[in-house]
Number of protein chains: 2
Amino acid sequence: MTDVSKTRDTRLLIVETALRLFAENGYNRTTMRAIAQEAGVSVGNAYYYFASKEQLIQGFYDRIAELHGHACAEVFGADASFAGRLRGVVLAWVDVAEPFHEFGKQFFVNAADPESPLSPFSDESAPIREATIALFREVIEGSDVKLDPELREELPRALWLYLMGVVLFWVHDRTARQARTRMLVERTVPLIGKLAGLSRLRMLRPVSREVAALIADLSRPTPAEGP
Amino acid sequence: MTDVSKTRDTRLLIVETALRLFAENGYNRTTMRAIAQEAGVSVGNAYYYFASKEQLIQGFYDRIAELHGHACAEVFGADASFAGRLRGVVLAWVDVAEPFHEFGKQFFVNAADPESPLSPFSDESAPIREATIALFREVIEGSDVKLDPELREELPRALWLYLMGVVLFWVHDRTARQARTRMLVERTVPLIGKLAGLSRLRMLRPVSREVAALIADLSRPTPAEGP
DNA sequence: GTCTATAGCAAGATAGAC
DNA sequence: GTCTATCTTGCTATAGAC
């Protein structure tokens, strides 16, 4: 066995053991000692692969993102309306994340730290973030929605922000199967759809232009401070 | 000296020492040992008053809320336009929180935990939350804005949510004096003002009605699950 | 480069005596 | 209410086997 595949195996073993223990006992109550012991490796070895306990969470994100991508492919094949596709993509996230809700909450809490590489806004999260934004681009482009062109360019990013808001709500949701989050989605998606449709009206043009410009400015990295 | 005032004194001594050390060295780098030592009490005694280090943060929230309330009184005396008052209230928060930005970030991260009493959505946070919502009610009622009556009732709560969004942005803001957050406020407040003004238009009535109904439903506590 | 074993630190938190 | 002593756990460090 080569070193490369050994590395991959050990890494995978550790991350899967960790996810299992997290699911069983929660994040905080699962110690690095327990993960190492259960995986049959030493604590030092676990830290050789993962710089901190937090880093193990990245494996969780990757898995959710992968499952979400698959689920969205079905949505895109089945629905051609803007609101329908948007609803499908967001609810697909809720479905995919459902089994992880109990302990997944813990993860997203840690992600709230802006210093953390786990923050959805961090450079390290860029790949997953951009992949998700691409899903929203597909929501728009595969649909029949008519949009102010300037808004069309920036809307996927705005919808990603909307998803982040839904996730924040999801984290705080204690209802069974996150019913309240689903309700939020069912009721906000039509609103977004209506407003998007109205964005081409002359009266709302300045508003939609300013929204588009704002999103564009915000997604640009902060310019360096002058000397 | 009665036990009651002894309790209050010790409690106050601990929380003030903690806030001072947090300001000097940051939250994470300030240990409970250091707080206890500096306050001249034992670690165990500090834990007698505060169940965890996190609990000490409540003192920070209280202080911010108090300062914010004072700052808003000035705003209300000086401006009669809806957008002007809204801008004033939100920027007052940014001003008041500015000295605490460096270490204050840490606090809000811990507040992201839905289980935590420090979450802005928790029952324990209700007093501060309702006080802030009352500020937004005053923004509306002291102004000349014309609103769909159903929206008027629920808008303060929606504006509080907007403030929470601004706070989230503020937490991630690394620009000097949180310039980016201020820019966000300067640009979103006019948008909110415009949309609020348009809410009475026949064409947007259904949208504003649904927004109001949604806010109302969401602010109602979760109904118990059926048997 | 991959991994084990072990010792030890720092700091949050708790138990139980007074 | 207060203290001392102790526990727990995330994390680091080191020495060395393969």
Side-chain angles (χ1 to χ4, degrees), chain A residues 1-19 21-22 24-60 103 106-107 109-111 113 115-118, chain B residues 1-22 24-60 103 106-107 109-113 115-118:
Chain A
M1 185 185 285
T2 66
D3 280 1
V4 169
S5 73
K6 202 200 232 172
T7 283
R8 218 182 37 212
D9 287 352
T10 307
R11 211 188 147 82
L12 204 66
L13 174 65
I14 292 170
V15 82
E16 289 193 339
T17 305
L19 283 179
L21 292 182
F22 289 158
E24 286 169 13
N25 310 314
Y27 177 75
N28 281 331
R29 275 178 311 229
T30 304
T31 68
M32 288 297 275
R33 284 170 177 80
I35 294 168
Q37 189 181 356
E38 189 76 8
V41 302
S42 69
V43 176
N45 198 13
Y47 274 102
Y48 173 77
Y49 284 103
F50 298 93
S52 71
K53 188 176 165 186
E54 232 179 31
Q55 291 296 317
L56 284 165
I57 299 177
Q58 193 63 46
F60 168 75
F103 67 106
Q106 289 286 346
F107 293 1
V109 167
N110 295 45
D113 185 349
E115 312 291 327
S116 166
L118 296 172
Chain B
M1 186 186 281
T2 69
D3 279 4
V4 170
S5 74
K6 202 201 235 172
T7 283
R8 216 182 40 213
D9 286 353
T10 308
R11 208 187 150 83
L12 203 66
L13 174 66
I14 292 170
V15 81
E16 288 193 340
T17 306
L19 282 180
R20 181 164 56 80
L21 292 183
F22 288 158
E24 285 170 13
N25 309 314
Y27 177 74
N28 280 333
R29 275 178 311 228
T30 303
T31 69
M32 288 298 277
R33 283 169 176 76
I35 294 168
Q37 189 181 356
E38 190 77 7
V41 301
S42 70
V43 176
N45 198 10
Y47 275 99
Y48 173 78
Y49 285 103
F50 298 94
S52 72
K53 187 177 168 185
E54 233 179 30
Q55 291 296 319
L56 284 165
I57 299 175
Q58 193 62 48
F60 169 74
F103 66 107
Q106 285 290 343
F107 293 0
V109 167
N110 296 40
D113 185 348
E115 312 291 328
S116 167
L118 296 172

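If you're wondering where the values come from, they're calculated on a predicted model, not measured in any experiment.
- Side-chain contact between Tyr27(B) and Ile57(B) is present, with at least one heavy-atom pair separated by less than 4.5 Å.
- Nearest nucleotide to the side chain of Ser42(B), out of dT4(D), dG1(C), dC11(D): dT4(D).
- In this structure, Tyr48(A) places its OH atom 17 Å from P of dA5(C), rounding to the nearest Å.
- Contact annotation: Tyr49(B) side-chain N/O to dT2(D) OP1/OP2 distance is under 4.0 Å.
- Rounded to an integer number of Å, the gap from Asn45(B) CG to dA5(D) P is 16 Å.
- Note on Thr10(B): a side-chain N or O is less than 4.0 Å away from OP1 or OP2 of dT2(D).
- The interatomic distance linking Gln55(B) (CD) with dG12(C) (P) rounds to 15 Å, in whole Å.
- Listed by first and then second residue, the salt bridge (charged side-chain N to carboxylate O under 4.0 Å, His left out) pairs that reach into residues 43-53 of chain B come to none, sequence neighbours excluded.
- Of the residues in residues 28-39 of chain B, those placing a heavy atom less than 4.0 Å from an atom of DNA chain C are Thr30(B), Thr31(B), Met32(B), Arg33(B), in numerical order.
- Applying the side-chain hydrogen bond (donor to acceptor under 3.5 Å, both in side chains) test to Gln37(B) and every residue at least two apart in sequence or in another chain returns nothing.
- For the atom pair CD1 (Ile35(A)) and CG (Leu19(A)), the distance works out to 9.0 Å, reported to the nearest 0.5 Å.
- By the side chain to side chain contact (heavy atoms under 4.5 Å, CB included) test, Tyr47(A) is found to be paired with Met32(A), Val43(A), residues two or more places apart in sequence or in another chain being considered.
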Report task. Give the B/S/- string for nucleotides 12-18 of chain D, one per nucleotide from 5' to 3', where a protein heavy atom under 4.0 Å of the base yields B, of only the sugar-phosphate yields S, and otherwise -. Result -> B------
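- Listed by chain and number, the residues in a salt bridge (Lys or Arg N to Asp or Glu O under 4.0 Å) with Glu16(B) amount to none (sequence neighbours excluded).
- By the salt bridge (Lys or Arg N to Asp or Glu O under 4.0 Å) test, Arg33(A) is found to be paired with no residue, residues two or more places apart in sequence or in another chain being considered.
- Atom pair Lys53(B):NZ and dG10(D):P shows a separation of 16 Å (rounding to whole Å applied).
- A search for side chain to side chain contact (heavy atoms under 4.5 Å, CB included) contacts involving Phe50(B) returns Arg11(B), Ile14(B), Val15(B), Gln55(B), Leu56(B), not counting sequence neighbours.
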